[in-house]
Amino acid sequence: MKVYNTMTRVKEEFTPLVAGQVSMYVCGVTPYDYSHIGHARSAIVFDVIRRYLTSRGFRVRTVRNYTDVDDKIIARANQEGVSAAEVGERYITAERRDMEALGVLPPDVAPRATEHIPDMVALIGRLVSRGVAYVVDGDVYFEIRRFPSYGRLSGKNLDELLAGARVEVDERKRDPRDFALWKAAKPGEPSWPSPWGPGRPGWHIECSAMSRRYLGETFDIHGGGTDLIFPHHECEIAQAEADTGTPFARYWLHNGMVNLGAEKMSKSLGNTLAIRELVKRVSPDALRVWMLGTHYRNQLEWSEERVREAAHALERLTRLVHDVQTFWSGAAAAGLPDALRPFRGRFESAMDDDFNTPQALGVLFELSRPLYGYGERASADPDARAAFVAGVEELVTLMRTLGLLGPGAELAGPPLEVARLVEARGEARVNRDWKRADQLRDEIQGLGWLVEDTPSGPRLTRKAGGAP
RNA sequence: GGCGGCGUAGCCAAGUGGCCAAGGCGGAGGUCUGCAAAACCUCUAUUCAGCGGUUCGAAUCCGCUCGCCGCCUCCA
């Protein structure tokens, strides 16, 4: 299995530190507002990576954090006249709901920065005593020039960094590129005690401290959006490695941004589309298929129209699953026919190549073709039926690897009302009362279901459009 | 200015040295069907932004040009 490592800028063979186990840390959100499509992409990308690794037999331990102490949270709290903790709590709760709606598996650990302040204080203390950090008026800064490889992940040259620095000038810092580990409390801000006086942690320290607590000094995969490469991940590395002297994360994976129009979607630009609004309009699986249709490292342009197309494409797959459930749920599956055997291997080759989901999805669609062939003959030919059931089982397995067909997916049967209408239409057709049959079909369609007559009987599917 | 990425059919998007350039959406014709729908069959890029070069051979490697985006500041 190969993964692209941002650190080395090349695809590398993936070998976890401990055979059979993978430790993965993914940067989560700063909960000061509702999560948007960009967060959804990151979550879905790493959800798929996690699921795939699991399907390949790895025991995967995942951590996704909440950075619930930050300037923006404080600003929001002040603006609303509530506590920062309340703001954090509100958006963490919302984020959890969003993730569930998207079919993203909860991480094994979802630590909050505010619950790990002592770990951070301890880490900062060690950095100070090692001489890589210094204290000024209750602030603590990391001294960049004490960590020579600073800039390696992002490919930044330290001198140029200084030249083009748009960093605010702070005379107290030894070097403008030094970053804050600890910020002395200002009036009205939440603070915690520390050897340097009351204050709060800087932005990057929480990830260094929490990843270490839950995954150890060195772990396998560190993920996040490309926008975190600098300075966030760069600083995480500096903090962690300056203390331990051992490598921090072994593989750095970064997902591309979601753009709106030709511009990056981000909270600060105010051009976001919140997940909670999004899931009202499109199904989670359609959204997932749309996202996975582009490689995770590429940029992706938001378009509801593209998601609708994805929803339509997805139906080619889900219809097969429905057909088995509707017509052959009790039928015995045979072994997978030889003709269908290569698909899993092709799927895995695609995924093994830096999680090439567009290609993997292509394999699924190719698999659907022969499957429809078996489905056509299923009622007349028991062999075809057994092959059909076995083949669709295989399809379901692969789809689930991508996180499709989860609990959120619409696999439930039609409401009783619809079922009755279908039955009535069946009778009308037997009586060759076509007018009534068509009328009933229209009624059923009005309720959001599509009836199709197949050799095995009427097939019911939810109408296209992607709505949940 | 520095670093990184992208430009493949009407649209989206894989492919990164050599079988006919995946797959999806859309479109065209046909089979099937009471009519539909779906499915099935066939078709829909002699060509990969442009120009040079390397090679027996390039969308794929190299150079240049044009266009677009991201990071360098809070950000998934």
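Just so it is clear: chains get the letters A, B, ... in the order the sequence lines come, proteins before strands, and each one is counted from 1.
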| task | Once you apply the 3.5 Å cut-off to both distances, tell me the Watson-Crick or G-U wobble partner of B:G10, or none. | result | B:C25
Do NZ/NE/NH1/NH2 and the carboxylate oxygens of [X] and [Y] come within less than 4.0 Å?
{"X": "A:Arg76", "Y": "A:Glu80", "answer": "yes"}
{"X": "A:Asp220", "Y": "A:Arg61", "answer": "no"}
{"X": "A:Glu304", "Y": "A:Arg308", "answer": "yes"}

| message | Return whichever of A:Leu361 or A:Arg425 has its heavy-atom-nearest nucleotide of RNA chain B closer to the 5' end. | response | A:Leu361
| query | For A:Phe179, what residues pass the ring pair (Phe, Tyr, Trp, His ring centres under 6.0 Å) criterion, not counting sequence neighbours? | reply | A:Phe142, A:His204
| note | Under a 4.0 Å heavy-atom cutoff, the residues of residues 362-382 of chain A touching RNA chain B are A:Gly362, A:Phe365, A:Glu366, A:Arg369, A:Tyr372, A:Glu376
| field | C1' atoms of B:A37 and B:C32, separation to the nearest Å | value | 12 Å
| query | When rounded to the nearest Å, what value does the distance between C1' atoms of B:C12 and B:U44 take? | reply | 16 Å
In residues 386-393 of chain A, what donor-acceptor pairs under 3.5 Å come from side-chain atoms, sequence neighbours left out?
none

| remark: Which of A:Asp139, A:Asp70, A:Asp71 passes salt bridge (charged side-chain N to carboxylate O under 4.0 Å, His left out) with A:Arg200? Answer is A:Asp71
| query | Which pairs pass side chain to side chain donor-acceptor pair (under 3.5 Å) with one or both residues in residues 353-372 of chain A, sequence neighbours excluded? | reply | A:Lys11-A:Asp353, A:His295-A:Asp354, A:Tyr296-A:Asp354, A:Arg297-A:Asp354, A:Arg346-A:Glu366
Kindly list each side-chain donor-acceptor pair under 3.5 angstrom involving residues 373-384 of chain A, sequence neighbours excluded, with atom names and distances?
| from | atom 1 | to | atom 2 | distance (Å) |
| --- | --- | --- | --- | --- |
| A:Arg377 | NH1 | A:Gly373 | O | 3.4 |
| A:Asp381 | OD1 | A:Asp383 | N | 2.8 |
| A:Asp381 | OD1 | A:Ala384 | N | 3.3 |

| request: Using a 4.0 Å cut-off on protein heavy atoms (strictly under), produce a 5'-to-3' string for nucleotides 9-16 of chain B with B for base contact, S for backbone-only sugar-phosphate contact, and - for none. | output: --SSSSS-
